[in-house]
Amino acid sequence: MPGIDPTADAEAVPFDPFELKDMVSGSIRDPYPRLHELCREAPVHTGPIDLGEGAEVGDLDLTKPPPVTVFGFDEVVQVLRDNETYSNAVYTDVMGMVMGRTILEMDEPEHRNVRALVASSFRSKMLERWEEELVAVVVNELIDSFVERGRSDLVREVTFNFPVQVIARILGLPRADYPRFQRWALELTSVAANWERGIAASAALRDYFVEVMAERRAKPGDDLISDLVQAEVDGERLTDEEIYSFLRLLLPAGVETTYRASGSLLFALLNDRSQLDALYGDRSLYAQAFEEVVRWEPPVTLILRRATRDTELAGVRIDEGADIALMIGAANRDERKYADPDRFDMFREQRQHVGFGFGVHVCLGMHLARMESRIAVNTLFDRLGPVALDPEAEPPHIEGLAFRSPLSLPVVFAAS
């Protein structure tokens with residue numbers, strides 16, 4: 001297989017991910033009033049929590065210690081900072097069967113050692129190269145497919161598609177494989193909607209990567225898989241199973257974050273003309289706009305931990321073995337930390353958020369997500385001009401609970 005070549009290989013038959021409706025369906029329109037109410041009552045709660053509209057956090061299992069839910073910013077940071085008291089091993093039960101053993105479920109020092117082996121592939125020089133050779137190419141190809149129409153659904157035609165295509169190209173996969181790779185990736189990330197389909201996709205991806213890795217060992221290319229099979233730190237290398245697991249984790253981590261953050265940023269701008277015009281006229285504002293949207297509508301709103309010992313948080317007792325739900329979306333809108341937290345305002349004073357996590361497990365791909373979204377938004381502006389919501393379409397909205405983003409963004413434009 002060749003290295004990174006955006007034009008290589010046969011043209012693939014397009015795959016419309018929206019044909020698998022349970023992959024993209026949302027749920028709750030606006031969980032924040034209820035989250036504010038719960039946080040005002042107490043930043044830390046014990047027992048199952050009713051979030052409204054039929055949604056609950058925390059299972060009532062009498063064989064286990066009472067579950068804990070954390071809503072406050074400072075309290076969430078305290079948990080994420082203390083990786084000795086609060087373990088990531090909970091993800092073994094949640095995702096282990098689908099992803100394999102990944103850095104997501106590892107504690108120190110195993111996490112640090114494995115992360116060091118994969119982190120070198122995300123160094124600044126590689127991101128700069130991917131920016132120039134991959135991301136802009138992918139986004140421009142997608143725009144080419146609709147630019148003559150003068151209208152588009154930016155979720156269906158851009159934000160939902162470009163991150164997985166970028167990942168495929170970073171991995172050096174043939175273009176003819178993109179549709180099945182994207183299908184497997186989305187089936188894997190939607191495992192909660194269909195467990196058997198997700199498990200089958202996990203196995204299919206492993207079998208697929210077995211062949212790819214064998215080829216890259218025999219003939220290394222200029223791609224991420226070639227980097228991973230050769231990566232070495234202090235004489236240690238990644239095992240094949242560690243590589244399979246990392247590649248499966250890369251799909252939800254790299255695709256979901258970028259797709260949802262990009263869509264939510266465009267949604268926020270399209271609903272606030274003054275901020276859209278400001279960013280359109282001054283692209284240097286992008287960094288603060290992106291950080292604000294990750295605060296305002298984090299792509300992933302929930303992080304899990306498990307207590308390794310009896311402890312206390314904000315005066316609330318937590319028993320050893322208790323599962324802890326960290327409500328990232330609530331923490332990012334904690335009224336004790338942010339003024340007018342429910343408003344998207346890219347000009348607000350920049351303060352720490354936990355949209356990418358915090359501490360040793362802070363999102364490995366956050367710099368890639370920032371770069372991809374920046375290139376996508378700038379390219380859309382450059383190609384389409386100052387887009388506007390389509391007045392003939394149903395107004396879009398953001399929805400979901402654990403994952404949030406708009407499901408559609410119908411726009412009109414006057415690109416030449």
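Just so you know, these numbers come straight off a predicted model, no measurement behind them.
- The closest side-chain donor-acceptor pair between His111 and Asn83, if any, does not fall under 3.5 angstrom.
- Between Leu304 atom CG and Leu302 atom CG the span is 5.0 Å, to the nearest 0.5 Å.
- If you take CG on Leu171 and CG on Asp177, they are separated by 11.5 Å, rounding to the nearest 0.5 Å.
- For Asp334 (side chain) and Phe73 (main-chain N/O), a donor-acceptor pair under 3.5 Å exists by modelled atom type.
- Nearest heavy-atom pair across Tyr338 and Arg295 is CE2-CD, 3.6 Å.
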Report task. Apply the test salt bridge (Lys or Arg N to Asp or Glu O under 4.0 Å) to residues Arg260 and Glu297: give CA-CA distance (whole Å), side-chain angles for both, the deciding distance (0.1 Å), then the verdict. Result -> CA-CA 9 Å; Arg260 293 186 182 278; Glu297 280 288 10; over 6 Å; no
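- Under the ring-ring contact (aromatic ring centres under 6.0 Å, His included) criterion, the residue pairs touching residues 376-405 are Tyr280-Phe381, with sequence neighbours excluded.
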Query - Steps toward side chain to side chain contact (heavy atoms under 4.5 Å, CB included) verdict (Glu84, Arg309) - result: CA-CA 9 Å; Glu84 293 184 358; Arg309 55 194 175 215; 4.2 Å; yes
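- The two residues Ala331 and Val76 have their closest heavy-atom pair at CB-CG2, 3.9 Å.
- Remark: Ser202 pairs with Val98, Leu188, Arg248 by the side-chain contact (heavy atoms from CB on, under 4.5 Å) rule, at least two apart or across chains.
- Applying the salt bridge (charged side-chain N to carboxylate O under 4.0 Å, His left out) test to pairs two or more places apart or on separate chains, those with a residue in residues 351-372 are Glu291-Arg370.
- If you take CG on Leu247 and CD1 on Ile167, they are separated by 9.5 Å, rounding to the nearest 0.5 Å.
- A side chain to side chain contact (heavy atoms under 4.5 Å, CB included) with Arg305 holds for exactly one of Val68, Val70, Asn88; it is Asn88.
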Requested in this report: Begin with the C-alpha distance, continue with both residues' side-chain angles, and end with the deciding distance and a verdict on side chain to side chain contact (heavy atoms under 4.5 Å, CB included) for Arg333 and Asp342.
Outcome: CA-CA 7 Å; Arg333 297 199 187 194; Asp342 293 329; 2.9 Å; yes
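- From Ser373, atom OG reaches atom CG of Leu266 across 7.0 Å, with rounding to the nearest 0.5 Å.
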Query - Test log, rule side chain to side chain contact (heavy atoms under 4.5 Å, CB included), inputs Leu250 and Leu224 - result: CA-CA 11 Å; Leu250 184 63; Leu224 179 58; 3.8 Å; yes
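- Without hydrogens or angle criteria, Asp223 side chain to Arg169 main chain gives no donor-acceptor distance under 3.5 Å.
- Heavy atoms only, all atoms of each residue included: Leu279 and Ala289 are closest at CD2-CB, 4.3 Å.
- Looking only at distances, no side-chain donor or acceptor of Ser245 sits under 3.5 Å from a matching main-chain atom of Glu242.
- For residues 30-47, the salt bridge (charged side-chain N to carboxylate O under 4.0 Å, His left out) pairs, not counting sequence neighbours, are Arg34-Glu37, Arg40-Glu335.
- In this structure, Gln165 has no side-chain hydrogen bond (donor to acceptor under 3.5 Å, both in side chains) partners at least two apart in sequence or on a different chain.
- The backbone N or O of Val294 lies less than 3.5 Å from a partner atom in the side chain of Asn332, making a donor-acceptor pair.
- Side-chain contact check for Gln78 versus Asp74: every heavy-atom pair is 4.5 Å or farther apart.
- At distances below 3.5 Å, at least one donor-acceptor pair connects side-chain atoms of Arg404 with backbone N or O atoms of Gly400.
- Shortest non-hydrogen contact noted between Tyr178 and Ala168 is CE1-CB, 3.6 Å.
- Without hydrogens or angle criteria, Arg348 side chain to Arg343 main chain gives a donor-acceptor distance under 3.5 Å.
- Scored by the side-chain hydrogen bond (donor to acceptor under 3.5 Å, both in side chains) test, Arg306 finds Asp93, Asp323 as partners (sequence neighbours excluded).
- With contacts defined as side-chain heavy-atom distances shorter than 4.5 Å, the pair Pro298/Val354 does not qualify.
- Considering only residues two or more places apart in sequence or on other chains, Glu131 meets the side-chain contact (heavy atoms from CB on, under 4.5 Å) condition with Met371, Arg374, Ile375.
- When all heavy atoms are compared, the tightest approach of Ile324 to Ala307 is CD1-N, 4.0 Å.
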Query raised in the report: Step by step, would you call Lys64 with Asp319 a salt bridge (Lys or Arg N to Asp or Glu O under 4.0 Å)?
Result: CA-CA 9 Å; Lys64 298 170 62 177; Asp319 295 333; over 6 Å; no
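- With contacts defined as side-chain heavy-atom distances shorter than 4.5 Å, the pair Phe209/Ile225 qualifies.
- Residues forming a side-chain hydrogen bond (donor to acceptor under 3.5 Å, both in side chains) with Ser152 (at least two apart in sequence, or on another chain): Glu157.
- Ring geometry, Phe413 versus Phe146: the interplanar angle exceeds 60°, so the pair is classed perpendicular (tilted spans 30 to 60°).
- Applying the side-chain hydrogen bond (donor to acceptor under 3.5 Å, both in side chains) criterion to Asn271, with sequence neighbours excluded, gives no partner residue.
- Expressed to the nearest 0.5 Å, how far CG of Asp310 lies from CD1 of Ile318 amounts to 10.0 Å.
- Evaluation of the side-chain contact (heavy atoms from CB on, under 4.5 Å) rule for Ala278 yields Leu285, Met346, Phe347 as partners, not counting sequence neighbours.
- Within the 4.5 Å cutoff, the side chain of Thr308 has no heavy atoms near those of the Glu320 side chain.
- In this structure, Thr69 contributes its side chain and His45 its backbone to no donor-acceptor pair below 3.5 Å.
- Remark: the Ser408 side chain and the Asp153 side chain contain no N/O donor-acceptor pair separated by less than 3.5 Å.
- Evaluation of the ring-ring contact (aromatic ring centres under 6.0 Å, His included) test over residues 281-303, restricted to residues two or more places apart or in two chains, returns Tyr286-Phe290, Trp296-Phe344.
- For residues 313-335, the set of pairs meeting the ring-ring contact (aromatic ring centres under 6.0 Å, His included) definition, not counting sequence neighbours, is empty.
- Looking at heavy atoms from C-beta onward, Tyr259 lies out of side-chain contact with Val164 at the 4.5 angstrom threshold.
- Residues Glu110 and Arg101 meet the side-chain proximity criterion, which asks for heavy atoms closer than 4.5 Å.
- Between Ala314 and Val44, the closest heavy-atom pair is CB-CG2, 3.8 Å.
- Looking at Asp272, its side chain never comes within 3.5 Å of a backbone N or O of Ala268 through a donor-acceptor pair.
- Around atom CD of Glu312, more than 12 heavy atoms belonging to other residues, nucleotides or ligands sit under 6.0 Å away.
- Under the 4.5 Å side-chain criterion, counting only non-hydrogen atoms from C-beta, Ser264 is in contact with Ile398.
- Inter-residue side-chain proximity for Ile143 and Leu384 is flagged as met; some heavy-atom pair is nearer than 4.5 Å.
- Note that the CD atom of Glu187 and the CZ atom of Arg180 stand 12.5 Å from one another [nearest 0.5 Å].
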